[in-house]
**Student:** 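Sharing a structure here in structure tokens format.
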Amino acid sequence: MAGRDRVVHLLRQLERAACRCPAHSNTYHHGVGAAACSALKTDYAFEMASSNIRYGGGVSREIGMDLQNLGARNVCLMTDKNLSRLPPVKAVLESLTQNGVTYKVYDNVRVEPTDSSFKDAISFAKNNLFDVFVAVGGGSVIDTCKAANLYSCHPDADFLDFVNAPIGKGKPITGTLKPLIAVPTTAGTGSETTGVAIFDYEPLRAKTGIASRAIRPTLGIVDPTHTLSMPSRVAANSGFDVLCHALESYTALPYDQRSPCPPNPINRPAYQGSNPISDVWSRHALQVVAKYMKRAVRDPEDLEARSSMHLASVFAGIGFGNAGVHLCHGMSYPIAGNVKRHVAKGYSVEHPLVPHGLSVVLTSPAVFHFTAPMCPERHLDAAEILGADIRQVKRADAGAVLADTLRQFLFDLQVEDGLEAVGYSKDDIPELVRGTIPQERVTKLSPRMHSEEDLTQLFEASMKLY
């Protein structure tokens, strides 16, 4: 009995320590057990999924042996034209050659992929009957490789079959995919850990994606030496993605307030809402960002800082890959998708570009000022991790404090002064709002309900940051 009493005592202590803010109070103690979802309006369970991760300086040298161990006979290596000339790809190709692995290279990946660029990669995969896929690059490369693997294993599927609703049909993926090894070269997207592939859907000029645990990589090989080839602005924008992954997943609607409750476990979304396991990963990622990001941006040779940010990307990827993101990401998709003339520093591309991490972070001060009333303790906790003194701050001021802290963080890293600085004006806001509405898969995880008028005000508030 003494052991049982001890367990009960510990559980009661945990319950007393639980977050008391409106969006998170009693989140993890409803005791619904395995009640049938037919009787519930919201979910009652969450699950954790992540790729296997291998981390270490120079660990890319092992990939040839991994492919041998898999019995690979015909490997597809995907990258982009710029990376194909850089050390990360060379290191991987050397390992493949040394281990006698047969491969073909596809280097036509588009930075910020589109449905057209996805389809080109899918066609390459279908025509070559690969048995293993390798992605060497940032999120654009890894996401493109996920799509190529998926559709080459489902050759009769229509492209929109697996694309998220409402743009696509959002069908569950039931077939088995080929192994995919991801070698990330940026410290941002966390795509090596997640079952998500994002692209611009050109007919609607809106970002959407495919979200399923079935497409997550089999293995993520995280080699921090690869991040040394990142230009400073690429390191900054990648880091902002980590920052927002951590902040959004930590403040997302709790998993047991998300609706509807799935009638079958296969229908449970990858983005489930904040939960006690994702919270650990997301919060720790935020601590690493606070400590190392500025160093990683300012000194490309700072291996400790760049290595730490690479790990932070993985941590945040595991966090948001199971909890999800919300308004910053939902609003970022039309910002990136409707880009006019903006030329992004540090990127070797021939088309206008607002890098993903930049498109996400530009709305972050406005967004977290807006969401704070639903879980002020978490917003204050985030502000304190990022350097704010919250000892005398009232809960009602949590949003303003986190917003000001983020503005200072962005100013210190020389981020463009709001949406106006990347080519938008107030006349563009209706189009930006229209582009956000289809992103319900993520925006519905905001802890605070929002209307089109709210989105309009958030875009207005993000036109200038400083």
Side-chain angles (χ1 to χ4, degrees), residues 60 78-92 107 109-113 117 135-145 182-192 198 200 207 220 222-246 285 288-289 292-314 316-317 328-329 332 335-336 339 342-362 364 409-416 421-422:
S60 298
M78 291 199 167
T79 188
D80 64 45
K81 290 191 184 301
N82 183 54
L83 273 167
S84 66
R85 303 186 296 268
L86 295 177
V89 172
K90 291 180 180 179
V92 170
D107 64 359
V109 170
R110 187 182 194 273
V111 177
E112 301 297 335
S117 71
V136 185
S140 295
V141 172
I142 299 172
D143 287 2
T144 299
C145 200
V183 185
T185 59
T186 60
T189 68
S191 187
E192 68 276 6
I198 301 297
D200 283 311
K207 272 197 188 288
V222 183
D223 185 339
T225 62
H226 293 337
T227 65
L228 298 178
S229 62
M230 273 195 301
S232 177
R233 293 323 299 171
V234 177
N237 293 327
S238 299
F240 293 139
D241 205 15
V242 179
L243 171 66
C244 288
H245 284 159
V288 177
V289 168
Y292 290 107
M293 184 172 166
K294 292 179 184 178
R295 280 174 51 184
V297 171
R298 291 167 178 165
D299 182 3
E301 300 300 318
D302 188 336
L303 183 59
E304 180 187 19
R306 292 231 165 169
S307 299
S308 296
M309 285 301 298
H310 215 183
L311 269 179
S313 176
V314 174
C328 291
H329 271 76
S332 79
I335 294 170
V339 60
H342 183 68
V343 177
K345 297 177 182 177
Y347 292 79
S348 300
V349 296
E350 297 177 355
H351 53 272
L353 176 69
V354 178
H356 172 66
L358 179 60
S359 71
V360 170
V361 83
L362 287 175
S364 62
F409 193 82
L410 302 188
F411 182 80
D412 290 346
L413 287 169
Q414 300 179 324
V415 173
E416 288 86 338
V422 297

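Along the sequence shown, residues carry numbers from 1. No hydrogens, no waters, no symmetry mates; every other heavy atom, side chains included, goes into these values. The shown structure was predicted, so the numbers you read here are calculated from the model rather than taken from an experiment.
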**Student:** Do Val415 and Phe409 have side chains that get closer than 4.5 Å, going by heavy atoms?
**Tutor:** no
**Student:** If you round to the nearest 0.5 Å, how far is OG1 of Thr144 from CD1 of Ile198?
**Tutor:** 11.5 Å
**Student:** Do Pro184 and His310 touch side chain to side chain, with heavy atoms closer than 4.5 Å?
**Tutor:** yes
**Student:** Any sub-3.5 Å donor-acceptor pair from Ser313's side-chain atoms to Gly190's backbone N or O?
**Tutor:** yes
**Student:** Mind checking side-chain contact (heavy atoms from CB on, under 4.5 Å) for Pro300 and listing every partner two or more places apart, or none if nothing turns up?
**Tutor:** Arg306
**Student:** What do the steps show when you test Val361 against Leu243 for side-chain contact (heavy atoms from CB on, under 4.5 Å), and what is the final call?
**Tutor:** CA-CA 8 Å; Val361 83; Leu243 171 66; 4.1 Å; yes
**Student:** Do any N or O atoms from the side chain of Ser117 and from the backbone of Val109 form a donor-acceptor pair under 3.5 angstrom?
**Tutor:** no
**Student:** Aromatic ring centroids of His356 and His329 under 6.0 Å?
**Tutor:** yes
**Student:** May I ask you to decide if Pro224's main-chain N or O and Thr227's side chain share a donor-acceptor pair within less than 3.5 Å?
**Tutor:** yes
**Student:** Is it true that Asp80 and Arg110 have a side-chain N and a carboxylate O under 4.0 angstrom from each other?
**Tutor:** no
**Student:** How many angstroms lie between CG in Leu362 and CG in Leu410, if you round to the nearest 0.5 Å?
**Tutor:** 7.5 Å
**Student:** Which heavy atom of Leu413 sits nearest a heavy atom of Met293, and at what distance?
**Tutor:** CD1-CE, 3.8 Å
**Student:** Are the side chain of Ser332 and the backbone of Val360 linked by a donor-acceptor contact shorter than 3.5 Å?
**Tutor:** no
**Student:** I need the Asp299 CG to Glu304 CD distance, nearest 0.5 Å.
**Tutor:** 11.5 Å
**Student:** Minimum heavy-atom separation for Ala316 and His245, please, with both atom names.
**Tutor:** CB-CB, 4.0 Å
**Student:** Before giving the answer on side-chain contact (heavy atoms from CB on, under 4.5 Å), spell out for Met230 and Thr185 the whole-Å C-alpha distance, their side-chain angles and the decisive distance to 0.1 Å.
**Tutor:** CA-CA 8 Å; Met230 273 195 301; Thr185 59; over 6 Å; no
**Student:** Rounded to the nearest 0.5 Å, what's the gap from CG on Leu86 to CG on Leu228? Could you check?
**Tutor:** 12.0 Å
**Student:** How long is the gap from CG on Asp302 to CE on Met309, to the nearest 0.5 Å?
**Tutor:** 11.5 Å
**Student:** Do you know which two heavy atoms are closest between Gly357 and Phe240, and how far apart they sit?
**Tutor:** O-CB, 3.6 Å
**Student:** What is the minimum heavy-atom distance between Lys294 and Asp412, and which atoms define it?
**Tutor:** NZ-OD2, 2.9 Å
**Student:** Could you measure the distance from the CD1 atom of Ile335 to the SG atom of Cys328? Nearest 0.5 Å is fine.
**Tutor:** 9.0 Å
**Student:** Please confirm whether the backbone N or O of Val297 pairs with a side-chain atom of Ser232, one donor and one acceptor, at under 3.5 Å?
**Tutor:** yes
**Student:** Compare every heavy atom of Val92 with every heavy atom of Ser60, then report the nearest pair and how far apart it is.
**Tutor:** CB-CG2, 4.4 Å
**Student:** Is any side-chain heavy atom of Leu353 closer than 4.5 Å to one of Val111?
**Tutor:** yes
**Student:** Any side-chain heavy-atom pair from Val339 and Val422 closer than 4.5 angstrom?
**Tutor:** no
**Student:** Kindly write out the residues that satisfy salt bridge (Lys or Arg N to Asp or Glu O under 4.0 Å) with Lys345, not counting sequence neighbours, or none if the list is empty.
**Tutor:** none
**Student:** Using only heavy-atom distances, determine whether the side chains of Thr189 and Asp241 contain a donor-acceptor pair under 3.5 Å.
**Tutor:** no
**Student:** Quick one, Thr79 with Asp107, criterion side chain to side chain donor-acceptor pair (under 3.5 Å). Give me CA distance, side-chain angles, the key distance, then yes/no.
**Tutor:** CA-CA 5 Å; Thr79 188; Asp107 64 359; over 6 Å; no
**Student:** Determine whether a donor-acceptor pair (N or O, by modelled atom type, separation under 3.5 Å) exists between the side chain of Asn237 and the backbone of Arg233.
**Tutor:** yes
**Student:** Any idea which heavy atoms bring Leu358 and His342 closest together, and the distance?
**Tutor:** CD2-NE2, 4.4 Å
